[in-house]
Amino acid sequence: MISGIQNALKNAIDVIAPPATPLQDFTYHWKQLMNFYVSHLTDCKVPVQNTNIPRHLDVLLEILLQEEKEVNEPGPCLEYLLQHKLLDLLATLASAETPPGMRTVCLVFLRKLLGRSKYPLLHHASIYAPIQRLVALCNGNPPSPIESEEVQFLLTICFLVCKYPHVTSIINDAPIVQTTSNSIKKENEKTEIQKVTYVPTRRRNNSNPLFEPLDTQAVTLINPNLFDKEQRRLLRSNRSFKTTASSQGSSRRSNESISSREESVSSSPLAQKSVCDSPSIDTKSNEQWKEKRQEDSSGNKIDEHLQNLRDLRLDTDCNAYDDASYVAVDNQSLKSSPCIPEKSKCLLLDALMSYLNSADNTVRIRACEGIMVLASLDDPSFAQTVARSELPSIVTIRLENLFNAIPAHVDHLDIYNVDVTWGLDSPLWTKEKKFPGCRQVAAFFMWFDYCDQLIREAQTEFAETLARTIRVMFFERIVTSALVDHHVVLITALVTKCLKEITSPILCTEVSYWLVGQDRDPEIPNVWTSPVLHRLIENCFTDSNDLTVETLKLFEEAIDKRNEHILHCLILIYLSTRAYYDNTAADSAIASWSDEEDEREKEKKGFLDLSYEQNHSRTLAPSNIHRVINCFLSLMPRYLQTDCDVNNYEKYMPAWERQYSLVLSDCALMAWPLEAVMVDDSASSDSRPEADHCSGRFYMGPFLSMLFDKISNMPRQTYEVNLEVTGLISRLALLPHPYLHEFMLNPLLPLLPGTKSLFLCLQKVIKQLVSEIPKTAESKTMLKETRLKLLGDCSQEEEKENILYESAIVTEEFCKDLAAIAYVKYHHSI
Amino acid sequence: MITIDSKQIKLQIWDTAGQEAFRSITRSYYRGAAGALLVYDITRRETFNHLTTWLEDARQHSNSNMVIMLIGNKSDLDSRREVRREEGEAFAREHGLVFMETSAKTAANVEEAFINTAKEIYEKIQEGVFDINNEANGIKIGPQHSPTSPGGLAGTGGQGSAQGGGCC
């Protein structure tokens, strides 16, 4: 109601004294702004904030945005802005920094205009050309005092590129020198055409080519065979546009020719013109490339067609308007197959990359955001551009530098607690001194997190390139050699933490290549093919307790990644032939070990009812589960047991239950077999195994060998090492792989003579414990005390060395753990 | 810095862009956040309609205990309202969110929105839902044992970034 009255009132006033039209206002303020330069021709040292320029720009912006709100189609002020190339002039002023501070003001103006406008303005030549020049101005290397404004501006452009993905083309910049002259000529043509034909008509609507998608690929694609085609293009151009002689002349002096173009807009600040013009030249050459490429790829017939189109365009010019994109859109239909650009450069990406090493955290994070947005852009050709840019190596070099900056004296135990993400501020780690070197460690992991997230979010091609670069340039070149130096404990801890933090499958795959090599074949005993794995396993056998523990932790983390390649190369490849299995024993002693095998034999015979209950593995759920569990539980002789309740293994079950559900879902896609059966089931295999297996050719691989050595050595190892080894084996035992399962968890399995197994190792350990721990009441108390100390909460003061007793406790609990795991897996599989 | 229960709580707030294309970043930021404000524009129905996808995204990429507030912004423009208050409330009820209408322009309820989020997080800490020793959930204990939450995420449900920025 009230607003209705207000409107009526306003209308009445408008009739009496019509206010200045927005366009009049707009031109007024623009002219006022320009007046500054007229009156300060020689002296431009006044800081921009002391001039009226910012105010005029604010008003201009306001008028433009107001106009957008009121009219549904581009209004006269916007037309004016486009037609008179106001932004071009602003870009020139910004690059010249006249008056001082002008750059900031211009960046703000453009950021707001582009960010708030509802039109995808970026298409338009008179917008993207100046934008490109400004983007090229933004460079964080060396750091600029206005970098935060610059990076915000860049981020806005990123945002626009995301919003209107078809404009990626304009942020691309083809680095072509040879074509400069040609492009200038073309540019001048266009300028001229526009001068003639640009009609600020009301006929604009949604189908206006200005606001239609410009085809990205067409614009960014570059023909590798530049020069040859260039000639053809030149000839043709001469044919079609007969009036280009003069512009060709001027094109030889490229900068001047641009100046001459700008002279049509304004004259005063041109003395300040700098080299920053090149981007705009290249923009035009992009256009040039587009058309040229199309000619090249489509052959002569299309050449002619194109020629017709070009002529057609000249005709339509007379009627309405012209824009390069018009041709682009039309030609799109002719384009048959996009060819791959040889090399393309993206101005915006280059600019953003220059801020990646900025000292200002916020600036760097903004740049990171921008890069992440660009890298995740769903545009195949642009994704390729990003993948082929310097980005992967810049990101990796930063990772390397941050890694090298970590002081050697950092305590490896502190590493695990560090918790940072790339974008969120973590003052606890970056500002406070939690431990010496904390900041450097945090900085490294923040960057590592960014790498991981970037790979996760980016398009596949770039993601793979970056991940590969990180593997080759960081892990292989830097980390591998560090695994032997003085600080190997710290390095191992850092790698473990890295493994832990990885969430992106692509990065995980690359790191797995580093860790176990790319070769998926089994290693021959004592012949090492994977240097890193070799090194790590050797590190497990050094005198250093810390190093052993850290390396085992690293392996644990690697297993926890549940990466198919890692599991395959470390363990599964050695077990998948079931070479440990004693077929002859199975035949003769079938009654003595289990009924699962003959159950399976039965099933095999009736193989046709395959559909029945195929999701449940009989290997994982043997019907003799109670015997299996009993084997583990009765391993430890009574008098060495400190836990009175033998069935206490059940207390471990809930934890393994939870873990197993996770493991199952993680491993669901690994295509592991359901049952452990002989690979070669034919009759011949029954007769041959002696030749193959009995010669003791089963090799469990370096990793399992190492683990079994460690298990056998339990009575001699520290509590920490034993805890790690047993923990690691429990994790392996939990995996739902039938061969691994029966090898680890089925003590009743007939094994080839001489084959080590987990159960046999444990038997040996217990034998040793029995022989070394005296059967006295005193040692029984000692054991109980040790148990309390290790498992209870009470932290008694450190007693004298009792590795033996500690081992006994660990062994006892480990046996229960294995029983619990066997039961949990059984329970899940029935 | 706000005070709840006479404890100083420091909020770290990120304004993420509401645009579809910025999702890659938003996803990255969800990790480690303790709370999020999902903002829609009551004068634009489509921002309300987008909420479901934003909510899914937030739930999928964050800690399952993340506190999510639903905010209907621009309550000053009641005349141009397209989404009724009851609809917002119903949506919030259905998805277990806390609902409020705010106006970034008049600052109505803006501070309350953040304080309520913090309170909600604080209550969850008291209940022991958030393990404050595990920093992966975005809560950090300050030197004087006052929990600080870096996790305010202001997700703008399809609002323009300019308006979204206005309320934070």
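Worth knowing before you read on, the calculation uses all heavy atoms, side chains too, and leaves out hydrogens, waters and symmetry mates. All chains are named by letter (A, B, ...) in the order of the sequence lines, taking the proteins before the strands, and each is independently numbered beginning at 1.
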Q. At what distance, to the nearest 0.5 angstrom, does CD1 of B:Ile25 lie from CE of A:Met372?
A. 7.0 Å

Q: Nearest 0.5 Å please: distance from the OG atom of B:Ser28 over to the CG atom of A:Leu454.
A: 9.0 Å

Q: Against chain B, label A:Ile365 side chain, backbone, both or neither, depending on which of its atoms sit under 4.5 Å from a heavy atom there.
A: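 Interface part for A:Ile365: side chain.
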
Q: Using a cut-off of 6.0 Å, state whether more than 12 heavy atoms not belonging to B:Arg85 lie near its atom CZ.
A: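 Check passes, neighbour count above 12.
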
Q.
How about CD on B:Glu87, more than 12 heavy atoms from neighbouring residues, nucleotides or ligands closer than 6.0 Å, or not?
A.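 More than 12 heavy atoms, drawn from other residues, nucleotides or ligands, come within 6.0 Å of this atom.
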
Q) Is there a side-chain contact between A:Thr503 and B:Arg31, using heavy atoms and a 4.5 Å cut-off? A)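 No; the side chains remain at least 4.5 Å from each other.
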
**Q.** Beyond-backbone contact of A:Gln453 with B:Tyr29, side-chain heavy atoms, under 4.5 angstrom
**A.** no

